[in-house]
There are 2 protein chains.
Amino acid sequence: MTEASGHEGQPSPPTPRVRLVDVAREAGLSKTTVSAALNGTGRLSPAVRERARETARRMGYRPNATARHLRAGRARLIGYVVGGAPDALWTYLESPYFARLTGATAATSLLRGYAVVLLPAGTLQGEWSDLSLDGVIVADPVAGDTVIEDLLAAGIPVFSDRSVEGRPGASWVDVDAEGAVREALDHLREQGARRPVLVVPDIATRFHVEVEAAHRAWCAAHGLPELAVRVAESGNGPVVRAVETALDTPEGAERPDALLVVAEASPPLVLEAARRYGYEVPDDLLVVLVSEDATALYTDPPVTTLSLRPEAVAEAGVEHLVAVLEHGRREPAGTLVPTRLDVRASSVRSGRGE
Amino acid sequence: MTEASGHEGQPSPPTPRVRLVDVAREAGLSKTTVSAALNGTGRLSPAVRERARETARRMGYRPNATARHLRAGRARLIGYVVGGAPDALWTYLESPYFARLTGATAATSLLRGYAVVLLPAGTLQGEWSDLSLDGVIVADPVAGDTVIEDLLAAGIPVFSDRSVEGRPGASWVDVDAEGAVREALDHLREQGARRPVLVVPDIATRFHVEVEAAHRAWCAAHGLPELAVRVAESGNGPVVRAVETALDTPEGAERPDALLVVAEASPPLVLEAARRYGYEVPDDLLVVLVSEDATALYTDPPVTTLSLRPEAVAEAGVEHLVAVLEHGRREPAGTLVPTRLDVRASSVRSGRGE
DNA sequence: CTGAAAGCGCTAACAT
DNA sequence: ATGTTAGCGCTTTCAG
């Protein structure tokens, strides 16, 4: 039962908000005094401070944030854009990786005193120039992303995961693609794999480009065949089809004995695909997925995943941006986030030593 | 190659931003004229207008959004909070429903000229009172949610999906729970189900409370047994266990012949659970999931889903909020969004007429 | 057709 | 210890 209940209902005109002057007048004090009292600054007698506070409370005073921001010279607002894909403006949130990256970015920002504004993927600065953003975080830019150029040209501090190395004002965070590939392939090899096949999206994101390079290098170094299938589109449909392509070997040909999928795909669906093609996991096929999808824990067998650690990426990114924003750091800095392999039954050769 | 390349690099002091006065001075005009020229307002000679624009461009002038907002009296910013759960501050993004609701809210807002600020779930107004939000959207409040009370008390226009009926200033949107349950159960009954079992979260969200009521009513009306299992926690693990509970009937007892899951769960995992308990889908068990999870399309068989239409919910919500914000509408308005049943093979009795 | 000046609501020097 | 005043950067009457 709020104040506006029953017959007494406020008349239509949107109640003019109580301003600092109003409180000051009412309390018989000056703006300064009330402001100081409310902000805990200055030296005021406890009595006056209390009177100001009480009056403000009674009148339902709430400071105007915009005015404060104008005064302060910043709005404590950080923009968040995902690079590339201007075709999929918002769907990135539906991928577990981005869902967690986004949440973690918002969480870390808030800890540092900034709120996050969601921006549509791949849009340029011009489309939201009327927002008072102190800085912008660009997640997952593709090579030569216009978003970044745009922001840099506008002089807005930018942090971008993946590398924008060397651009002044553009700190970066990068997932350690090379380490990720090496760790996953080493693990598969230890488990006996000799014909691992890689499934990777065919896009210009720095991470994926590096993954391919690392894979090539690893295969050469270990004298194993370089088996890879590229996925043109993202999404479960295309990725699962790519997995099928990878597993569907011609009659009599040697079959792959391990699968490393570096594209967001539903773990249970990948397992199902493997079964459809007559593989037993992990007996005939070891499976490792680069994924943040929690369902990996609940499949039978549970699926080994390689986490890109979105929380760590977000944290490092916000940290860099805040460093620029608050201490005016100019020299670009960077962080390389190591991935984490969560070994589960899908990639552990069974019937050995157990 | 931006201007700051090479040896010429700007010295450290963060470049003082170009202001309107600076442009005016440089162009030999007044602030007024330049402002008018840039905003396309007022009656200026084309020559002057062009001169002002050119100078602004040359100097890299970008208007200060905060100052504009102060002047305009609003920041064109909408807050977005998810109700309840202060334990899971950000994880809501990982659910397909909320991922899409969030994206759609941001998209619709932008179309109406507002940007969306992500707020941690279940937090109160006091924790982000230093943000200049014109309004707030509260998604999925639980009964008697403090977030709502808090906002209403503060006089901030609130829209909330699910109902907050009767509160002045609090328009609402509600998913048609009753229709959803009826549509799903009618469908299952038409397909021959006589012992459908409902799996539903045990939480006070209005939607879920209504689902239970509707289920009870439907069972009574059709003279079918009221079978239901409640899930204490959310997440794939608990939901799958609840599904197992629902399917794991004592030896000799009658088994359920249809499953209606009204909790976000991974479609392939639910299918897998059914198989583990010896059910063939759809032959022994018809399955309908309330879910926005895209994997439902790719399972074998594809799973029938009941969509809560997050895009429609978001659209209606933003529409209501903007109506309050821009036309000062006071009388609370509401929208009831119908759900959509996407019938796929998992709920169609096979071997009949085909 | 253009410019001077007021003021959005707040905070912080600078008096008193 | 408290009040006066300037000013953050912009838009917009209102004179000229």
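Reminder, nothing fancy here: chain letters follow the sequence lines and each chain counts from 1.
When the C1' atom of dC1(C) is taken as reference, atom CD of E50(B) falls 17 Å away, rounded to whole Å. At whole-Å resolution of the value, CZ in R49(B) and C1' in dT2(C) are 12 Å apart. One interatomic measurement links the two molecules: CG of D130(A) to P of dC10(D), which rounds to 14 Å at whole-angstrom precision. Straight-line distance from the CG atom of L44(B) to the P atom of dT11(D): 13 Å, rounded to whole Å.
Take E315(A) and apply the salt bridge (charged side-chain N to carboxylate O under 4.0 Å, His left out) test, not counting sequence neighbours, and it matches no residue. Listed by chain and number, the residues in a side-chain contact (heavy atoms from CB on, under 4.5 Å) with A115(B) are V117(A), L131(A), L77(B), L110(B) (sequence neighbours excluded). Residues satisfying the side chain to side chain donor-acceptor pair (under 3.5 Å) test with R112(B), not counting sequence neighbours, are E319(B).
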Solution key, residues 41-50 of chain B side-chain donor-acceptor pairs under 3.5 Å, sequence neighbours excluded:
| residue | atom | partner | partner atom | Å |
| --- | --- | --- | --- | --- |
| S45(B) | OG | V48(B) | N | 3.2 |
| R49(B) | NH2 | T41(B) | O | 2.7 |

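Using a 3.5 Å distance cut-off with no hydrogens or angles, the side chains of T33(B) and S30(B) do pair a donor with an acceptor. With 3.5 Å as the limit, one finds no donor-acceptor pair spanning the side chains of H69(A) and S132(A).
Considering only side-chain N and O atoms, T33(A) lies under 4.0 angstrom from the phosphate OP1 or OP2 of dG3(D).
Ring orientation note: the planes of Y92(A) and Y80(A) are tilted relative to one another, at an angle of 30° to 60°.
Each end of the helix from dC1(C)-dG16(D) to dT16(C)-dA1(D) gets its own axis, taken as the rotation carrying the C1' atoms of four end pairs onto the next four within a five-pair window, and the two axes meet at 50° to the nearest 10 degrees.
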ask   = Hey, mind stepping through D174(B) and V337(B) against side chain to side chain contact (heavy atoms under 4.5 Å, CB included) and telling me if it holds?
value = CA-CA 6 Å; D174(B) 209 344; V337(B) 176; over 6 Å; no
Distances under 3.5 Å between protein N/O atoms and the N/O atoms of nucleotides 8-11 of chain C, please, pair by pair.
| residue | atom | partner | partner atom | Å |
| --- | --- | --- | --- | --- |
| dC10(C) | OP1 | Y61(A) | OH | 2.7 |
| dC10(C) | OP1 | N64(A) | N | 3.1 |
| dC10(C) | OP2 | L20(A) | N | 2.6 |
| dC10(C) | N4 | K31(A) | NZ | 2.7 |
| dT11(C) | OP1 | N39(A) | ND2 | 3.3 |
| dT11(C) | OP1 | R68(A) | NE | 2.8 |
| dT11(C) | OP1 | R68(A) | NH2 | 3.3 |
| dT11(C) | OP2 | S35(A) | OG | 3.0 |
| dT11(C) | O2 | R71(A) | NH1 | 2.3 |
| dT11(C) | O4 | K31(A) | NZ | 3.4 |

